[in-house]
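Reviewing the structure listed below.
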There are 2 protein chains.
Amino acid sequence: MHQKKPRQKKPDIDRIFHALGDLTRRAILEQLGHGAVSVSKLAAPLDITLAAVVQHLQVLEESGLVRTEKLGRVRTCQVDPIGLAAAEGWIRDRRTAWDRQLDRLEELLAEENPEG
Amino acid sequence: MHQKKPRQKKPDIDRIFHALGDLTRRAILEQLGHGAVSVSKLAAPLDITLAAVVQHLQVLEESGLVRTEKLGRVRTCQVDPIGLAAAEGWIRDRRTAWDRQLDRLEELLAEENPEG
DNA sequence: AATATAGTAAAGTATCTGCTTAACTAATTA
DNA sequence: TAATTAGTTAAGCAGATACTTTACTATATT
């Protein structure tokens with residue numbers, strides 16, 4: 001009774017940020033934002049080989065940022081928002097930590113200097 | 001009259017995500033979330049050389065994620081939230097693109113299948 | 001059946017990255 | 001002033017990374 005769902009693939013922050021660290025992979029994610037597409041349509045505007053695109057897709061899929069499915073001979077790719085949400089969450093946590101820090105500083109200043 | 005402020009360093013998405021792609025650099029950012037610290041305090045828990053930490057800090061500073069200032073012989077480091085906000089924004093854009101896509105899909109399904 | 005299309009897999013390679021060591025400068029402290 | 005502390009810089013290196021080419025499989029089209 002320690003796990004409600006057999007989570008399909010828990011987002012791995014390390015792999016996610018590593019995947020996001022590459023310009024081409026981010027370009028792929030941007031394209032996928034407009035809708036699910038096949039591997040070769042993904043490759044068309046990218047100025048690298050199909051083989052290279054497939055390698056990037058492997059990284060993206062292993063990180064959980066993208067899900068793909070093969071029907072017949074065409075593999076269709078789409079963004080998995082869970083992964084993106086995880087990355088966004090990590091950053092937001094850092095930002096709120098920074099905000100808390102700022103608040104604390106303001107408190108200290110207010111204590112030291114009670115009336116402007 | 002085409003620029004209000006001489007922006008000190010416009011956030012560069014490419015450098016930012018590259019910087020975030022490294023585990024050690026993210027650990028540095030997490031530590032900086034608790035407050036501004038010196039280079040050697042930053043290095044203490046990191047199990048790598050001071051020199052290596054300095055190199056990571058260079059990457060973080062060039063990306064705009066961190067700002068540092070040297071007073072006497074000690075350099076103090078702190079998060080620059082602008083950079084983090086830029087990264088968070090990029091991700092949010094991708095997610096909302098995905099959401100729009102999902103909405104469009106729901107509309108299509110609703111049209112094809114008007115009443116359950 | 002022959003050809004074209006969509007993708008995969010493996011091997012090789014040039015470049016990038018994260019790290020170390022070592023030698024150095026500048027600011028404290030004893 | 002001598003020793004310590006905090007950080008910097010450069011050189012070098014092992015392993016990772018983003019590609020390429022080539023050869024291949026499976027599905028679709030003619």
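Computed over heavy atoms, backbone and side chain alike; hydrogens, waters and symmetry mates excluded. The chains referred to below are lettered A, B, ... by the order of the sequence lines, with proteins before strands, and numbering in each begins at 1. Since the model is a prediction, treat every value here as computed from it, not as a measurement.
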Subject >> DNA chain D: 5'-proximal contact among Leu50(A) and Val39(B) (nearest heavy atom) >> reply: Val39(B)
Subject >> 5'-most by nearest nucleotide on DNA chain D - Ala51(B) or Ala52(A) >> reply: Ala51(B)
**OP:** Taking only the side-chain nitrogens and oxygens of Thr24(A), find out if one of them lies under 4.0 Å from OP1 or OP2 of dC19(D).
**Re:** yes
Original post:
NA contact type, Ser40(B), heavy-atom cut-off 4.0 Å: base, sugar-phosphate, or nothing?
Top reply: sugar-phosphate
Subject >> Residue-phosphate contact under 4.0 Å: His18(A) side-chain N/O, dT17(D) OP1/OP2 >> reply: yes
Original post:
Between dG7(C) atom C1' and Lys41(A) atom NZ, what is the distance in whole Å?
Top reply: 16 Å
**OP:** Nearest whole angstrom, please: distance from the P of dG18(C) to the CG of Asp47(B).
**Re:** 17 Å
Original post:
How many angstroms lie between atom CZ of Arg15(B) and atom CG of Leu60(B), to the nearest 0.5 angstrom?
Top reply: 12.5 Å
Subject >> Closest to the Thr49(B) side chain, choosing from dG18(C), dT8(C), dT21(C) >> reply: dT21(C)
Subject >> Given dT9(D), dG18(C), dT20(C), the nucleotide with the shortest approach to the side chain of Ile48(B) >> reply: dT20(C)
Subject >> Shortest side-chain distance from His56(B), nucleotide among dA10(C), dC19(C), dA6(C) >> reply: dC19(C)
Original post:
Roughly, in whole Å, what's the span from CZ in Arg75(B) to P in dT25(C)?
Top reply: 18 Å
Subject >> Any Arg73(A) side-chain nitrogen or oxygen under 4.0 Å from OP1 or OP2 of dT8(C) >> reply: no
Original post:
Has the side chain of Arg26(B) got a donor or acceptor atom that lies under 3.5 Å from a matching backbone atom of Leu20(B)?
Top reply: yes
**OP:** Find the distance Leu20(A):CG to dA18(D):P and express it as a whole number of Å.
**Re:** 12 Å
Subject >> Distance, rounded to the nearest Å, where Glu61(B) contributes CD and dT8(D) contributes C1' >> reply: 13 Å
Subject >> Under 3.5 Å: donor-acceptor pair, side chain of Trp98(B), backbone of Val79(A) >> reply: yes
Original post:
Is there a donor-acceptor pair under 3.5 Å between the side chain of Thr49(A) and the backbone N or O of Ala52(A)?
Top reply: no
**OP:** Show the numbers, then the answer: is there a side chain to side chain contact (heavy atoms under 4.5 Å, CB included) between Arg25(B) and Leu65(B)?
**Re:** CA-CA 10 Å; Arg25(B) 286 193 289 266; Leu65(B) 284 168; over 6 Å; no
Subject >> Rounded distance (Å) that lies between atom C1' of dT20(D) and atom CG of Leu46(A) >> reply: 16 Å
**OP:** Using atom CD of Gln55(B) as one end and atom P of dG7(D) as the other, report the distance to the nearest whole Å.
**Re:** 15 Å
Original post:
Over how many whole Å does the gap from Arg15(A) atom CZ to dA16(D) atom P extend?
Top reply: 14 Å
